[in-house]
*Asks:* 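For reference, the structure I am asking about is given below.
When a residue number appears, it is its place in the shown sequence, counting from 1. For the numbers below, each heavy atom of this structure counts, side chains included, while hydrogens, waters and symmetry mates do not.
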Amino acid sequence: QVQLQESDPGLVIASQTLSLTCTVSGASITTNRYYWSWIRQPPGKGIEWIGYISYSGSTYLDPSLESRTSISRDTAKNQFTLQLSSVTPEDTAVYYCARCTAPEFRRCNRAYWGQGTQVTVSS
């Protein structure tokens, strides 16, 4: 049974770096042909696909965020991590990690998202 769990962001203050870790159980982030993604939804707005790290370690980042975003992984812990630098209150959102079956958002089935974690950026 595959489960994904986002970490608690802790205190997030404007201009600092947000770091979130997704812990995956029930599947390997390296041996299965999946794309391990980060997604967010700001309050009152639609879903934004941030990017992914693939089973092979390749990454993709949305062009609007790539200058201040990185996605990495710790294969020994079966975890992958989002880092978003220079955050502002506009980065406030619920952040999700997800398992996708192809490198495109429409293949990120909601059944394989984590529960989400609230990130509130204080100015």
Side-chain angles (χ1 to χ4, degrees):
Q1 183 177 10
V2 178
Q3 289 186 290
L4 294 83
Q5 178 66 60
E6 302 90 349
S7 64
D8 189 315
L11 181 64
V12 184
I13 301 172
S15 81
Q16 295 184 342
T17 296
L18 168 68
S19 182
L20 294 173
T21 294
C22 183
T23 299
V24 179
S25 61
S28 172
I29 65 171
T30 61
T31 61
N32 297 288
R33 195 177 182 89
Y34 297 129
Y35 300 80
W36 302 95
S37 299
W38 286 100
I39 298 158
R40 71 179 185 180
Q41 185 168 30
K45 299 178 67 177
I47 295 291
E48 300 178 36
W49 190 31
I50 299 168
Y52 66 78
I53 185 163
S54 78
Y55 61 98
S56 67
S58 63
T59 57
Y60 168 80
L61 300 169
D62 184 274
S64 69
L65 295 170
E66 63 183 343
S67 66
R68 59 191 184 98
T69 306
S70 67
I71 298 175
S72 59
R73 65 182 182 173
D74 184 335
T75 59
K77 295 181 178 179
N78 212 43
Q79 297 175 328
F80 62 104
T81 296
L82 170 71
Q83 291 190 298
L84 180 64
S85 66
S86 302
V87 298
T88 75
E90 292 189 353
D91 293 309
T92 293
V94 178
Y95 285 71
Y96 302 89
C97 55
R99 188 187 76 181
C100 309
T101 56
E104 54 187 4
F105 179 67
R106 66 176 181 173
R107 300 292 295 277
C108 302
N109 191 315
R110 191 71 183 257
Y112 301 101
W113 295 22
Q115 66 182 11
T117 189
Q118 176 68 52
V119 174
T120 300
V121 179
S122 300
S123 62

*Asks:* Nearest 0.5 Å, please: how far is OG1 in T101 from OH in Y35?
*Replies:* 9.0 Å
*Asks:* Which heavy-atom pair separates E48 from P42 by the least distance, and what is that distance?
*Replies:*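 Minimum heavy-atom contact is OE2-CG, 3.2 Å.
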*Asks:* With a 6.0 Å cut-off (strictly less than), is the heavy-atom count around CZ of R33, excluding the residue itself, greater than 12?
*Replies:* no
*Asks:* Can you tell me how far apart OG (S58) and OH (Y52) are? Round to the nearest 0.5 Å.
*Replies:*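 Going from OG on S58 over to OH on Y52, the span is 5.0 Å.
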*Asks:* Are L18 and Y95 packed together at the side-chain level, in the sense that at least one heavy-atom pair is separated by less than 4.5 angstrom?
*Replies:*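 Side chain of L18 against side chain of Y95, heavy atoms only: contact under 4.5 Å found.
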*Asks:* Mind checking whether L20 and I53 sit in one hydrophobic cluster, side chains of I, L, V, M, F, W, Y counted as touching below 4.5 Å?
*Replies:* yes
*Asks:* Would you say F105 has more than 12 foreign heavy atoms packed within less than 6.0 Å of its CZ?
*Replies:* yes
*Asks:* Over all heavy atoms of both residues, which pair between N78 and S25 is shortest? Give the atoms and the distance, please.
*Replies:* ND2-N, 4.5 Å
*Asks:* Begin from the C-alpha positions of V119 and V94 and carry the test side-chain contact (heavy atoms from CB on, under 4.5 Å) through to its verdict.
*Replies:* CA-CA 6 Å; V119 174; V94 178; over 6 Å; no
*Asks:* Determine whether the side chains of T21 and T81 contain a donor N or O and an acceptor N or O closer than 3.5 Å.
*Replies:* yes
*Asks:* Would you give the length of the straight line joining atom CG of L82 to atom CZ of R40, rounded to the nearest 0.5 angstrom?
*Replies:* 9.0 Å
*Asks:* For the atom pair CD (Q118) and CD (E6), what is the distance rounded to the nearest 0.5 Å?
*Replies:* 12.0 Å
*Asks:* Rounded to the nearest 0.5 Å, how far apart are OG of S70 and CG of L61?
*Replies:*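 Here the interatomic distance stands at 7.5 Å.
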*Asks:* State, yes or no, whether a side-chain contact exists between I71 and W38 at a heavy-atom distance under 4.5 Å.
*Replies:* yes
*Asks:* Indicate the atoms forming the closest heavy-atom contact of V121 with T92, along with that distance.
*Replies:* N-OG1, 3.1 Å
*Asks:* For the residue pair T69 and L65, what are the closest heavy atoms and their distance?
*Replies:*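 That closest heavy-atom pairing would be OG1-O, 2.6 Å.
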*Asks:* Rounded to the nearest 0.5 Å, what separates atom CD1 in I29 from atom CD in Q79?
*Replies:*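 I29 CD1 to Q79 CD: 8.0 Å, rounded to 0.5 Å.
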*Asks:* What I want to check is whether the side chains of R68 and S86 have a donor and an acceptor closer together than 3.5 Å.
*Replies:* no
*Asks:* Kindly state whether the ring of Y112 and the ring of W36 have centres lying under 6.0 angstrom apart.
*Replies:*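 Judged by ring-centre distance (under 6.0 Å), Y112 and W36 do not meet the cut-off.
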*Asks:* State whether the side chain of N32 and the backbone N or O of Y34 hold a donor-acceptor pair below 3.5 Å, judged by distance alone.
*Replies:* no
*Asks:* Is the shortest side-chain heavy-atom distance between V12 and S122 below 4.5 Å?
*Replies:* no
*Asks:* So, Y96 versus W113, ring centres under 6.0 angstrom or not?
*Replies:* yes
*Asks:* Please give me the minimum heavy-atom distance between A93 and P43, naming the atom from each residue.
*Replies:*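 Reported closest heavy-atom pair: CA-CD, 4.4 Å.
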*Asks:* Compare all side-chain heavy atoms of F80 with those of C97 and state whether any distance is below 4.5 angstrom.
*Replies:*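 Contact flag for F80/C97 side chains = yes.
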*Asks:* Cation-pi check, R73 to Y55: give yes when NZ or CZ is under 6.0 Å from the six-membered ring centre and within 45° of the ring axis, no otherwise.
*Replies:*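 No cation-pi geometry.
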*Asks:* Do you know the tightest heavy-atom contact between A98 and I39?
*Replies:*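 Nearest pair, atom of A98 first, then I39: CB-CD1, 3.8 Å.
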